[in-house]
Amino acid sequence: MAISLRLNDEDTTLFKKYAEIHGMSISELIRQSVLERIEDEYDLKAYEKAMAEYRKNPETYSHEDVARMIALNEI
């Protein structure tokens with residue numbers, strides 16, 4: 001699928017130089033940037049959900065506790 005993007009001259013120059021410095025095409029730069037933005041938003045939502053659950057039940061476990069729990073489940 002092809003997507004068209006309109007940029008002013010200043011943004012075009014900035015994008016081209018940034019892509020060139022990082023050894024990628026403008027298409028790769030835009031694709032990678034959008035994917036990173038989506039991933040960041042997904043991570044933030046996951047964090048917010050985890051924190052809400054933690055606030056409801058702030059109990060934590062050490063690595064040793066978790067190892068024991070896993071070992072008990074394997075029996």
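All values below come from the heavy atoms of this structure, side chains included, with hydrogens, waters and symmetry mates left out.
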K.L.:
If you group Ile, Leu, Val, Met, Phe, Trp and Tyr by side-chain heavy-atom gaps below 4.5 Å, do L7 and M24 land in one group?
P.N.:
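Linked within one cluster.
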
K.L.:
To the nearest 0.5 Å, tell me how far E41 CD sits from L44 CG.
P.N.:
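E41 atom CD to L44 atom CG measures 8.0 Å (nearest 0.5 Å).
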
K.L.:
Cluster question for you: counting only ILVMFWY and a side-chain heavy-atom cut-off of under 4.5 Å, with indirect links fine, are Y42 and L35 together?
P.N.:
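Y42 does not cluster with L35.
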
K.L.:
Tell me if the CD atom of E36 is crowded by more than 12 foreign heavy atoms within 6.0 Å.
P.N.:
yes

K.L.:
Side-chain heavy atoms under 4.5 angstrom apart, residues restricted to Ile, Leu, Val, Met, Phe, Trp, Tyr: same cluster for Y47 and Y54?
P.N.:
yes

K.L.:
Of all heavy-atom pairs between L29 and F15, which one has the smallest distance, and what is that distance?
P.N.:
CD2-O, 3.7 Å

K.L.:
Are the side chains of E39 and D43 in touch, meaning some heavy atoms are under 4.5 Å apart?
P.N.:
yes

K.L.:
So if I apply the side-chain contact (heavy atoms from CB on, under 4.5 Å) rule between K49 and each of E53, M51, K45, which one comes out positive?
P.N.:
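Per the side-chain contact (heavy atoms from CB on, under 4.5 Å) rule, the option paired with K49 is E53, out of E53, M51, K45.
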
K.L.:
Once rounded to the nearest 0.5 Å, what's the spacing between atom OG1 of T12 and atom CZ of R6?
P.N.:
12.0 Å

K.L.:
Taking atom types as modelled, find out whether S62 and D65 have a side-chain donor-acceptor pair closer than 3.5 angstrom.
P.N.:
yes

K.L.:
Report the distance from atom CD1 of I26 to atom OG of S33, rounding to the nearest 0.5 Å.
P.N.:
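Reported to 0.5 Å precision, the distance equals 11.5 Å.
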
K.L.:
Hey, is R68 close enough to E64 for a salt bridge, meaning N to O under 4.0 Å?
P.N.:
no

K.L.:
How long is the gap from CG on L5 to CG on D11, to the nearest 0.5 Å?
P.N.:
9.0 Å

K.L.:
Using 0.5 Å steps for rounding, measure from the CG atom of D9 to the CG atom of L14.
P.N.:
12.5 Å

K.L.:
Counting only heavy atoms not in E28 (residues, nucleotides, ligands), do more than 12 fall under 6.0 Å from its CD?
P.N.:
yes

